[in-house]
Student: 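After the structure tokens below, expect a handful of questions from me.
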Amino acid sequence: MSDIAAYSAIETLRDGRRVEIRALRPEDRDDLVAAVGRTSTQSLYRRFFAVKRSFSEQETDFFLNVDFVNHVALVVVADEGGRPAIVGGGRYIVVAPGQAEVAFVVVDAYQRQGVGAALMRHLAAVARGAGLEELIAEVVPDNAPMMKVFEKCGLGVGTRRDAGVVHVTLQLV
Ligand SMILES: CC(C)(COP(=O)(O)OP(=O)(O)OC[C@H]1O[C@@H](n2cnc3c(N)ncnc32)[C@H](O)[C@@H]1OP(=O)(O)O)[C@@H](O)C(=O)NCCC(=O)NCCS
């Protein structure tokens, strides 16, 4: 397994709280399910393009089954009263040589604190380090926060609008 599996960095949120951005681990299963339970229907819709309140065992297996080469996942962990809690995550899946699709979700109570921007920065650094050239994403057209994260991330951004979806490309090289 690649050393991305040991990835860890500390970030400070806008309100001064500190979070760890680290590689997803197999033992995160329960925490991941708990994080979905704390995320609004609108946020889950924007992430999955479907009304989703929970995931089957099979779907959860897919989210946990990362190889850190073709499927890389980072989670954001906050300290909540002495207990670590997953409050966001971002992942990429390689879909073509040199190209991966990215997606993010941040628990609503932690949105607008810079978590999304930090995840973008770390995932882009990991992807570039792995030799990828381009990230792509599919965004619901009214998803202003996600578009803002992409526009501010410092990468070259291209957009193409289709019915019901904006296709985004981000240049890593
Ligand atoms: C998109 C998402 C990941 C961004 O995460 P976040 O932690 O809120 O992002 P940040 O705090 O880094 O904020 C990003 C920017 O969006 C802005 N923003 C946040 N919410 C906004 C809103 N409702 N309307 C307009 N701008 C908004 C922020 O102000 C910030 O801009 P700034 O740096 O100029 O202040 C988060 O909103 C989310 O999980 N959304 C639901 C899932 C989703 O849309 N996934 C995308 C699938 S590709």
Side-chain angles (χ1 to χ4, degrees), residues 9-24 28 31-55 59-60 62-63 66 70-80 84-96 99-127 132 134-172:
I10 301 296
E11 289 280 347
T12 304
L13 305 188
R14 279 186 197 154
D15 65 6
R17 275 182 294 181
R18 285 156 77 83
V19 292
E20 182 186 13
I21 294 186
R22 64 157 172 80
L24 179 71
D28 287 331
D31 257 13
L32 209 59
V33 171
V36 170
R38 300 172 64 185
T39 305
S40 71
T41 304
Q42 186 198 48
S43 288
L44 292 174
Y45 181 82
R46 285 177 161 179
R47 167 65 178 82
F48 298 103
F49 279 71
V51 177
K52 278 252 179 241
R53 278 298 342 152
S54 62
F55 294 90
E59 287 169 323
T60 308
F62 172 79
F63 290 122
V66 291
N70 291 310
H71 189 168
V72 170
L74 302 179
V75 289
V76 184
V77 181
D79 179 278
E80 293 190 340
I86 292 179
V87 298
R91 64 183 64 224
Y92 71 70
I93 296 177
V94 175
V95 291
Q99 188 192 60
E101 179 165 354
V102 284
F104 305 83
V105 64
V106 175
V107 166
D108 292 60
Y110 285 80
Q111 290 178 9
R112 309 199 82 153
Q113 292 291 324
V115 175
L119 268 173
M120 179 68 227
R121 207 167 52 245
H122 287 282
L123 263 189
V126 168
L132 295 180
E134 188 175 85
L135 296 174
I136 60 169
E138 300 209 326
V139 182
V140 177
D142 71 351
N143 192 349
M146 192 68 249
M147 290 311 296
K148 202 152 182 192
V149 169
F150 288 144
E151 280 153 13
K152 290 182 76 173
C153 77
L155 303 175
V157 187
T159 57
R160 185 170 58 80
R161 281 181 180 268
D162 254 348
V165 60
V166 181
H167 303 277
V168 178
T169 52
L170 303 155
Q171 298 305 325
L172 293 164

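Being a predicted model, the structure only gives us computed values, none of them experimental. We count ligands from 1, going down the list as the structure has it; atoms in each ligand are counted the same way.
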Student: When you measure from the side chain of Arg91 to the backbone of Phe63, do you find a donor-acceptor pair of N or O atoms at a distance under 3.5 Å?
Tutor: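 It does hold such a pair.
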
Student: So do Val33 and Phe55 actually touch side chain to side chain, heavy atoms under 4.5 Å?
Tutor: no

Student: Under 4.0 Å from atom 14 (C) of ligand 1, is there any protein heavy atom?
Tutor: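 Given the 4.0 Å limit, the answer for atom 14 (C) of ligand 1 is yes, a protein heavy atom qualifies.
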
Student: Using a 4.0 Å heavy-atom threshold (strictly under), name the region of Ser43 that reaches ligand 1: side chain, backbone, both or neither.
Tutor: both

Student: Answer yes or no: is there a donor N or O on one side and an acceptor on the other, between the side chain of Gln111 and the main chain of Val106, under 3.5 Å?
Tutor: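 Yes; judged by distance alone, with no hydrogens or angles, the pair exists.
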
Student: Quick one: which ligand 1 atoms are inside 4.0 Å of a heavy atom on Phe104?
Tutor: 3 (C), 42 (C), 43 (C), 45 (N), 46 (C), 47 (C)

Student: For atom 5 (O) of ligand 1, find the nearest protein heavy atom and state the residue, atom name and distance (0.1 Å precision).
Tutor: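 Sorting protein heavy atoms by distance from atom 5 (O) of ligand 1 puts Gly116 CA, 3.5 Å first.
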
Student: State, yes or no, whether a side-chain contact exists between Arg38 and Asp108 at a heavy-atom distance under 4.5 Å.
Tutor: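 They are not in side-chain contact.
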
Student: Tell me, do Tyr110 and Val76 make a side-chain contact under 4.5 Å, heavy atoms counted?
Tutor: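 Contact flag for Tyr110/Val76 side chains = no.
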
Student: Mind checking whether Thr39 and Arg47 have side chains closer than 4.5 Å, heavy atoms only?
Tutor: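 Result no, sub-4.5 Å side-chain heavy-atom pair not found.
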
Student: Side chains of Gln113 and Val19: closer than 4.5 Å at any heavy-atom pair?
Tutor: no

Student: Would you please name every residue forming a salt bridge (Lys or Arg N to Asp or Glu O under 4.0 Å) with Arg161, sequence neighbours left out?
Tutor: none

Student: For atom 4 (C) of ligand 1, grab the closest protein heavy atom and report residue, atom and distance to one decimal in Å.
Tutor: Val149 CG2, 4.0 Å

Student: Hey, which atoms in ligand 1 end up nearer than 4.0 Å to a heavy atom of Asn143?
Tutor: 43 (C), 44 (O), 46 (C)

Student: Between Lys148 and ligand 1, which part of the residue brings a heavy atom under 4.0 Å of the ligand: side chain, backbone, both or neither?
Tutor: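 The answer is the side chain of Lys148.
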
Student: What's the shortest distance from atom 25 (C) of ligand 1 to any protein heavy atom, and which residue and atom give it?
Tutor: Ala144 CB, 4.0 Å

Student: So which protein heavy atom does atom 38 (C) of ligand 1 come closest to, and at what separation?
Tutor: Gln111 NE2, 3.5 Å

Student: Would you mind checking which non-hydrogen protein atom is closest to atom 32 (P) of ligand 1, with the distance to 0.1 Å?
Tutor: Lys152 NZ, 3.3 Å

Student: Is Gly114 close enough to touch ligand 1? Criterion: a residue heavy atom under 4.0 Å from a ligand atom.
Tutor: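 Contact check Gly114 vs ligand 1: positive.
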
Student: Please state which part of Val106 comes within less than 4.0 Å of ligand 1, counting heavy atoms only: side chain, backbone, both or neither.
Tutor: both

Student: Could you check atom 22 (C) of ligand 1 against the protein and tell me its nearest heavy-atom contact, residue, atom and distance included?
Tutor: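 Checking every protein heavy atom, the shortest distance to atom 22 (C) of ligand 1 gives Pro145 CG, 3.6 Å.
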
Student: Taking only heavy atoms of Ala117 into account, list the atoms of ligand 1 that are under 4.0 Å away from them.
Tutor: 12 (O)

Student: Could you name each residue pair satisfying salt bridge (charged side-chain N to carboxylate O under 4.0 Å, His left out) that touches residues 143-154, not counting sequence neighbours?
Tutor: none

Student: Is there a side-chain contact between Glu11 and Val115 in this structure, where contact means two heavy atoms from C-beta onward sitting under 4.5 Å apart?
Tutor: no

Student: Any heavy-atom pair between the side chains of Thr159 and Val139 that's under 4.5 Å?
Tutor: no

Student: With heavy atoms of Val115 as the reference, note each atom of ligand 1 found under 4.0 Å away.
Tutor: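 Atoms satisfying the 4.0 Å criterion: 7 (O), 11 (O), 12 (O).
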
Student: Relative to the heavy atoms of Val105, which atoms of ligand 1 are at a distance of less than 4.0 Å?
Tutor: 39 (O), 42 (C)

Student: Between the main-chain N or O of Leu44 and the side-chain N or O of Arg53, is there a donor-acceptor pair closer than 3.5 Å?
Tutor: no

Student: Nearest heavy atom to atom 1 (C) of ligand 1: which of Met147, Gln113, Met146 does it belong to?
Tutor: Met146

Student: So which heavy atom in the protein is nearest atom 29 (O) of ligand 1, and how far is it from that ligand atom?
Tutor: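 It is Arg112 NH2, 3.5 Å.
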
Student: How close does the nearest protein non-hydrogen atom get to atom 48 (S) of ligand 1, and which residue and atom is it?
Tutor: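 Result: Glu138 O, 3.8 Å.
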
Student: Could you list which atoms of ligand 1 come closer than 4.0 Å to a heavy atom of Arg14?
Tutor: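 Here the atoms of ligand 1 in question are 32 (P), 33 (O), 35 (O).
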
